[in-house]
Amino acid sequence: MKLTNEAYNKILLIISARLELMKELSGFVPSLENIKPAIEDAIAFSGIDCDEEDKNKLLEEIEYREKITHVLGNIIYDDYEQKKWYFNDKVDDSYFWERYYRYLKEHTSIDDKSINLLHEKTLPDIMNCLYNPKEEFEGKRLKRGLIIGDVQSGKTATYSGLICKAADAGYKVVILLAGITESLRQQTQERIDESVVGYTIRKVEKHIREGKVGVGKDNKQRRATSFTTCVKDFVKGSNLISTTLSEHNSLVLFVVKKNVSV
């Protein structure tokens with residue numbers, strides 16, 4: 001960070017004064033999108049040189065003061081020079097994400113601001129931490145990562161959206177380790193059925209019911225196959241299924257419990 005405490009507080013004072021004036025004159029309502037220009041204007045007005053770290057710190061402080069609930073996450077990389085390969089506008093077919101994006105807007109309580117931030121910033125950042133599935137390479141590749149979120153912070157929407165964008169980018173297989181109990185696994189399966197697959201098989205009272213759910217209600221052709229359901233985990237004997245992944249043109253999903261034998 002380049003700013004001294006004195007310079008930082010000076011810019012913060014200018015930003016706060018500008019926001020208060022905008023509220024008074026035009027009924028301005030601060031949001032993640034419109035406070036960024038206010039910060040840039042305040043920096044330009046002050047004549048003080050700021051780097052990106054300074055701007056991010058100012059943004060976080062204003063988010064806190066104005067009680068803006070959706071804040072940007074922080075990322076720690078093992079290689080800060082890694083080359084970006086994923087861009088939303090470079091995806092040839094956004095089948096999975098477009099269905100999920102529409103589902104989030106029409107059938108959830110998540111506000112448009114958070115959905116757009118997920119689409120434009122959060123998920124592309126995570127995708128660029130993965131390998132490009134269409135890139136040719138020799139041998140094996142392994143990449144690990146960890147995403148941490150608070151309770152009710154949008155973790156489900158994030159991992160569901162990530163699966164959708166990964167599928168559109170060319171990933172063919174997704175395995176979710178969903179807790180150590182069957183109830184948690186079933187809960188995760190239900191969410192994946194609604195957000196990615198679009199079809200479910202579940203037990204209602206004593207009967208097995210199946211049908212279209214969530215994204216599947218758009219009646220488009222399904223491009224995802226789940227080898228697990230709300231009533232059946234991937235268990236011993238499942239390896240006897242006579243199929244190969246190359247036979248599937250669709251995304252293949254497994255929602256399983258954390259179990260060393262799987």
Of all heavy-atom pairs between T229 and Q189, which one has the smallest distance, and what is that distance?
-> C-CG, 3.5 Å

Would you say K10 has more than 12 foreign heavy atoms packed within less than 6.0 Å of its NZ?
-> no

Answer yes or no: does atom CZ of F45 have more than 12 heavy-atom neighbours from other residues, nucleotides or ligands under 6.0 Å?
-> no

Distance, nearest 0.5 Å, that separates CD of E190 from OG of S195 = 11.5 Å

For the atom pair NZ (K217) and NE2 (H107), what is the distance rounded to the nearest 0.5 Å?
-> 7.0 Å

Indicate the ring-plane relationship of Y100 and Y103, choosing parallel, tilted or perpendicular according to the 30° and 60° boundaries.
-> parallel

Trace of the side-chain contact (heavy atoms from CB on, under 4.5 Å) decision for K36 with K55 | CA-CA 9 Å; K36 289 182 179 179; K55 293 178 182 179; over 6 Å; no

Pairwise distance CD1(I35) to CD(E61) - rounded to 0.5 angstrom = 10.5 Å

If you measure from OG on S16 to CD1 on I11, what distance do you get to the nearest 0.5 Å?
-> 11.5 Å

Of all residues at least two apart in sequence or in a different chain, which pass the side chain to side chain contact (heavy atoms under 4.5 Å, CB included) check with E24?
-> none

Taking the side chain as every heavy atom from C-beta outward, state whether L130 and Y171 have any atom pair closer than 4.5 Å.
-> yes

Is there a donor-acceptor contact under 3.5 Å from the side chain of T4 to the main chain of A7?
-> yes

Determine the sole option in T228, D233, T188 for which the side chain to side chain donor-acceptor pair (under 3.5 Å) test with K257 is passed.
-> D233

Interatomic spacing from CZ in R144 to CG in D78 - rounded to 0.5 Å | 11.5 Å

Not counting sequence neighbours, which residues clear side chain to side chain contact (heavy atoms under 4.5 Å, CB included) with E98? List them please.
-> S94

Report, as yes or no, whether the 6.0 Å neighbourhood of atom CD1 on I76 holds more than 12 heavy atoms from other residues, nucleotides or ligands.
-> no

Do L118 and Y101 share a hydrophobic cluster (ILVMFWY, side-chain heavy atoms under 4.5 Å, transitive)?
-> yes

Following the transitive rule for hydrophobic clusters with a side-chain heavy-atom cut-off under 4.5 Å over Ile, Leu, Val, Met, Phe, Trp and Tyr, establish whether I48 and I14 coincide in one cluster.
-> no

Flag the pair P133 / W85 as yes when at least one side-chain heavy-atom distance between them is below 4.5 Å, and no otherwise.
-> yes

Atom pair CZ/SG of R209 and C230 - distance to nearest 0.5 Å = 14.5 Å

Show your working on side chain to side chain donor-acceptor pair (under 3.5 Å) between Q186 and E182 and close with a plain yes or no.
-> CA-CA 6 Å; Q186 289 176 1; E182 179 60 17; 3.2 Å; yes

Exceeds 12 heavy-atom contacts within 6.0 angstrom, atom CD of Q82 = yes

Could you pull out the closest heavy-atom pair between K134 and G170, with the gap in Å?
-> CE-CA, 4.3 Å

Close side-chain approach of R223 to R99, heavy-atom, < 4.5 Å = no

I43 and L58, any side-chain heavy atoms less than 4.5 Å apart | yes

Excluding F137, membership of its hydrophobic cluster (Ile, Leu, Val, Met, Phe, Trp, Tyr; side-chain heavy atoms within less than 4.5 Å) reads none

Looking only at heavy atoms, the pair that brings S250 and T225 closest together is OG-OG1, 3.0 Å

For E20, all residues meeting side chain to side chain contact (heavy atoms under 4.5 Å, CB included), sequence neighbours excluded | K23, E66

Residues, nucleotides or ligands: over 12 heavy atoms within 6.0 Å of E106 CD = yes

Hey, which of V173, V252, I175 is the one that makes side-chain contact (heavy atoms from CB on, under 4.5 Å) with F227?
-> V252

Would a 4.5 Å heavy-atom cut-off, applied to side chains only, mark N219 and K212 as touching?
-> yes

ILVMFWY clustering at 4.5 Å (side-chain atoms), partners of L176 = Y95, F96, Y159, I163, V174, I192, V196, V197, Y199, I201, I208, V231, L251, L253, V255

Expected output: side-chain D54 to main-chain D51 donor-acceptor under 3.5 Å | yes

All side chain to side chain contact (heavy atoms under 4.5 Å, CB included) counterparts of I147, not counting sequence neighbours = I126

Would you indicate whether the side-chain heavy atoms of D112 and K105 approach each other to under 4.5 Å?
-> yes

Do the side chains of L177 and F254 join up, straight or via other hydrophobic residues, at under 4.5 Å, putting them in one cluster?
-> yes

Determine, step by step, whether L25 and L21 satisfy the side-chain contact (heavy atoms from CB on, under 4.5 Å) criterion, reporting the C-alpha distance in whole Å, the side-chain angles of both residues, the deciding distance to 0.1 Å, and the verdict.
-> CA-CA 6 Å; L25 295 178; L21 182 61; 3.7 Å; yes

What are the two closest heavy atoms between L123 and L162, and how far apart are they?
-> CD2-N, 3.6 Å

Heavy-atom neighbours of K90 NZ exceed 12 at 6.0 Å | no

Kindly give the heavy-atom pair with the smallest separation between R191 and T156, and that separation in Å.
-> NH1-OG1, 3.3 Å

